[in-house]
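Quick one: this structure, given as structure tokens, is what I'll be asking you about.
Residues take their numbers from the sequence shown, with the count starting at 1. Note that ligands are numbered from 1 as they come in the structure, with each ligand's atoms numbered from 1 the same way. Computation of the quantities below employed the complete heavy-atom set of this structure, encompassing side-chain atoms and omitting hydrogens, waters and symmetry-equivalent molecules.
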Amino acid sequence: MPANASSSTKSAPAPTGGGGRGVRILSTGVGMPSRTLTNADLERLMDTSDEWITQRTGIRTRRIVDHDAGECTLTMATDAARMALERGGVRGADLDFVILATMSPEMLCPPTACRIAARLGAGGRGARAGGAMDLFGACTGYVYGLNIAHDLIKGGSYDRIMVLGGDTLSRLMDYSTAGRGTAIIFGDAGAGALLIADPDPRLGIIAQSMHSDGEGWKEIFVPQEARDFPEGVPPDPAKFGRVQMNGATVFKFAVGTFPNLIQETLDKANLRPEDIDMVISHQSNARILQAARDRFGIPEDKFYINIDRYGNTVAASVPLCLHELVMAGRVKPGMKVMFVAFGAGLTWGSSLWQM
Ligand code: COA
């Protein structure tokens with residue numbers, strides 16, 4: 001993606017109504033943790049095997065933070081934002097807004113995004129200080145963030161928004177045999193993209209969707225106290241602060257929802273599967289992704305899978321895929337790219353872009 005140095009200064013919010021403007025994904029970045037957690041490492045921590053994990057999930061290795069070295073959601077997402085700024089030729093001070101999709105912020109208060117904005121030079125006390133917020137959308141958070149940021153720019157009030165995804169699920173895992181059905185899946189990462197206004201009104205989102213079903217909350221949750229456990233599940237203090245996932249139910253939800261989500265988005269855009277140049281999906285499980293790919297007859301090179309190397313990195317997974325594809329020259333201006341994600345909430349959403 002060509003760098004487009006933005007020489008203009010940060011705009012004062014313009015009146016809403018973006019007229020004929022479009023929205024462009026200018027640049028991307030990642031911030032990866034330093035440690036690696038392989039299936040062989042997990043074999044030493046719990047009763048599991050490389051064969052079981054690979055066959056059921058397609059995951060071979062993940063990256064996780066070195067907590068003692070200070071690595072965390074804040075540092076990974078900040079690194080990703082710095083890379084995206086540098087690659088886009090934009091100064092942090094020129095950002096209008098920073099969105100961090102996450103389910104593992106540093107603290108519940110303040111929003112981690114505010115601390116990222118400060119590190120980027122986007123915040124401050126003056127009239128030019130950019131806003132910042134955390135978006136709690138679990139694995140769908142990044143796609144929700146893309147849709148929201150796009151429409152804020154399209155509406156004409158803002159010109160440059162950094163949309164980040166960062167999660168440190170290793171801190172919410174039980175790496176013993178008791179937690180093996182969940183701990184094998186997740187990895188840590190930060191990644192993101194810089195969205196900017198573009199004079200070409202054809203650029204940006206062609207179709208989008210955002211859905212939720214809160215009745216399904218108990219399929220993936222992080223209890224903090226006894227009353228957080230669903231009816232019929234005995235509260236267990238050892239599970240406080242640890243992700244509880246009903247893997248088989250989530251699997252069925254994902255396999256059922258995923259094709260509907262793709263079809264709904266194609267219908268809204270009046271497009272066929274073959275019109276899409278790349279599908280960038282949240283990386284939950286290789287089998288779920290392959291099932292959706294086969295259902296629509298999408299060739300392998302148009303449906304990216306990198307879960308084997310990173311596991312499920314929650315809100316970071318979609319921008320991590322995007323960054324890798326941009327760097328490899330496989331996502332370029334002119335392409336139609338469909339982002340799709342689903343996860344805890346339950347939530348699911350899509351964002352189909354004319355790049
Ligand atoms: N290693 C070895 N055995 C394991 C294991 C592990 N890591 N985890 C679970 N098992 C065992 C179970 O104890 C169970 O044994 P039992 O039959 O003796 O009771 C057996 O394997 C089957 O467990 P189950 O949970 O039904 O496995 P599964 O086939 O559903 O696979 C997941 C588990 C988690 C891989 C799978 O359900 C999945 O991928 N779900 C979707 C998760 C997801 O995408 N989450 C994120 C959403 S954004």
Side-chain H-bond candidate by donor/acceptor type, Asp134 with Thr102, under 3.5 Å: no
Counting heavy atoms only, which of Arg56, Lys252, Met245, Glu43 comes nearest to atom 28 (P) of ligand 1? Arg56
Ser284, portion touching ligand 1 at heavy-atom distance under 4.0 Å: both
Using a 4.0 Å cutoff against the non-hydrogen atoms of Ile184, which atoms of ligand 1 qualify? 7 (N)
Short N-O contact, Asp47 and Arg180, less than 4.0 angstrom: yes
Of all protein heavy atoms, the one nearest atom 41 (C) of ligand 1 is Gly247 O, 3.5 Å
Between Trp348 and Phe253, ring centroids under 6.0 Å: yes
For Asp94 and Arg91: C-alpha separation, side-chain torsions, deciding distance, then whether salt bridge (charged side-chain N to carboxylate O under 4.0 Å, His left out) applies. CA-CA 5 Å; Asp94 291 333; Arg91 297 181 316 151; 3.0 Å; yes
Which of the ligand 1 atoms, numbered from 1, are nearer than 4.0 Å to a heavy atom of Gly343: 48 (S)
Quick test: of every protein heavy atom, which one is nearest to atom 35 (C) of ligand 1, and how far off is it to 0.1 Å? Thr57 CG2, 3.6 Å
Within-cutoff protein neighbour (heavy atom, under 4.0 Å) for atom 32 (C) of ligand 1: no
Side chain or backbone, does Asn285 bring an N or O within less than 3.5 Å of an N or O on ligand 1? yes
Numbered atoms of ligand 1 (with element) below 4.0 Å of Phe342, judged on heavy atoms: 48 (S)
Hey, any chance Val163 and Val331 share a hydrophobic cluster, counting ILVMFWY side chains that come within less than 4.5 Å of each other, even indirectly? yes
Judging by distance only, is a nitrogen or oxygen of Val250 under 3.5 angstrom from one on ligand 1? no
Heteroatom distance test (Asn312, ligand 1): nitrogen or oxygen, under 3.5 angstrom: no
Please confirm whether Met46 comes under 4.0 Å of ligand 1, counting heavy atoms of the residue only. no
List every atom of ligand 1 that sits less than 4.0 Å from any heavy atom of His282, numbering the atoms from 1 in the order shown and giving each element. 48 (S)
Just distances here: any N/O of Thr48 and N/O of ligand 1 closer than 3.5 Å? yes
For atom 26 (O) of ligand 1, find the nearest protein heavy atom and state the residue, atom name and distance (0.1 Å precision). Ala248 CB, 4.5 Å
Are the charged groups of Arg21 and Asp159 less than 4.0 angstrom apart, N to O? yes
When you measure from atom 34 (C) of ligand 1 to every protein heavy atom, which one gives the shortest distance, and what is it? Gly181 O, 3.4 Å
Verify the neighbour count for atom NZ of Lys252: are there more than 12 heavy atoms of other residues, nucleotides or ligands below 6.0 Å? no
Give the residue and atom name of whichever protein heavy atom lies nearest to atom 14 (C) of ligand 1, and the separation in Å to one decimal. Arg180 NH2, 4.8 Å
Below 4.0 Å from ligand 1: does a non-hydrogen atom of Ile53 turn up there or not? no
Run through Glu324, Arg330, Gln283, Arg293 and flag the one making a side-chain hydrogen bond (donor to acceptor under 3.5 Å, both in side chains) with Tyr304. Glu324
Ion pair Glu86/Arg82, N-O distance below 4.0 Å: no
Among protein heavy atoms, which sits nearest to atom 21 (O) of ligand 1, and what does the distance come to when rounded to 0.1 Å? Trp52 CZ2, 3.4 Å
